[in-house]
Amino acid sequence: MIEQARQWLQEATSIVALTGAGISAESGVPTFRGDGGLWRNFKPEELATPEAFARDPKLVWEWYDWRRGLIAEAKPNPGHTALAKLERSGREMTLVTQNVDGLHDRAGSYRILKLHGDIWRFRCTTCGSEWPDRRTPLPKLPPKCQCGGIARPGVVWFGEPLPPGLFAEAQHAVESAGVLLVVGTSAAVYPAASLIPVAKRAGCKVIEVNTEDTPMSEIADCSLRGQSGEILPQLVDGR
Ligand code: OAD
């Protein structure tokens, strides 16, 4: 199966990779679902919704500050590096990620659509300005904007729309791609997961890389079971 997948990848002139938390698991960043997943121990409605933030911004920030600390310690793994290398192979490539950890950037990927935002960016809830902030731990919670307003993490919470135009761009990339690589996502969160059936309808080959079956495994043209840090280098480098 891996041989077939490698051949599709080599023949494709345009490639999209859709990644989820699983690609960063080998870097030590916790996933959301499954064993040890964040949503096993924390309630999303208390930490990752606009209502939760309005109720208790300090509590929400404490959780994000803790996660930023974990991510700051993490390094990109061979899965991230393999995708960065694939982009440098001269084909058109778009990396669509649900991850907010920034590990794809650090691995050297360039064209990245961050569907769920970026944990290293802030946005003011009063004036709407956005800026990067990599300090960890943050000196004071909740952090403030220069205008005096409360800053929020630059991520997408449950019940919020994706950043304007981003999903359309991802959809367009998938519709014109020869291969969609779906890596380390439970394919449980929409609209990100809907890119998979969009790809199928457009005649794009779907290659899934995951340690487990997902609801999309059945429609994938090829489902490779295992850790992305091992499988992606094999797919990209042939080793
Ligand atoms: P999940 O935690 O839902 O799924 C992680 C997937 O990675 C699972 O299918 C695992 O089987 C797989 N996995 C774990 N380790 C792996 C490894 N080493 N190699 C390959 N696969 C592995 O994470 P996402 O699908 O990214 O959204 O979750 C989607 C969204 O739900 C997140 O972006 C976040 C969350 O709530 C928001 O916060 C808006």
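All ligand and atom numbering here is 1-based and tracks the order in the structure. For the numbers below, each heavy atom of this structure counts, side chains included, while hydrogens, waters and symmetry mates do not.
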Participant: Which pairs of donor and acceptor atoms, one on a side chain in residues 34-42, lie under 3.5 Å apart (sequence neighbours left out)?
Facilitator:
none

Participant: Verify the neighbour count for atom CD of E175: are there more than 12 heavy atoms of other residues, nucleotides or ligands below 6.0 Å?
Facilitator: yes

Participant: Measuring from each atom of ligand 1, which residues have a heavy atom under 4.0 Å away?
Facilitator: G20, A21, G22, A25, E26, T31, F32, R33, W39, Q98, H116, V156, F158, G184, T185, S186, V189, N210, T211, E212, G226, Q227, S228

Participant: Do I119 and R67 touch side chain to side chain, with heavy atoms closer than 4.5 Å?
Facilitator: yes

Participant: With a cut-off of under 6.0 Å to the ring centre and 45° to the axis, is R152 in cation-pi contact with W157?
Facilitator: yes

Participant: With no hydrogens and no angle check, just 3.5 Å: does a side-chain donor-acceptor pair link S217 and R225?
Facilitator: yes

Participant: Going by heavy atoms in the side chains, are F122 and P153 under 4.5 Å from each other?
Facilitator: no

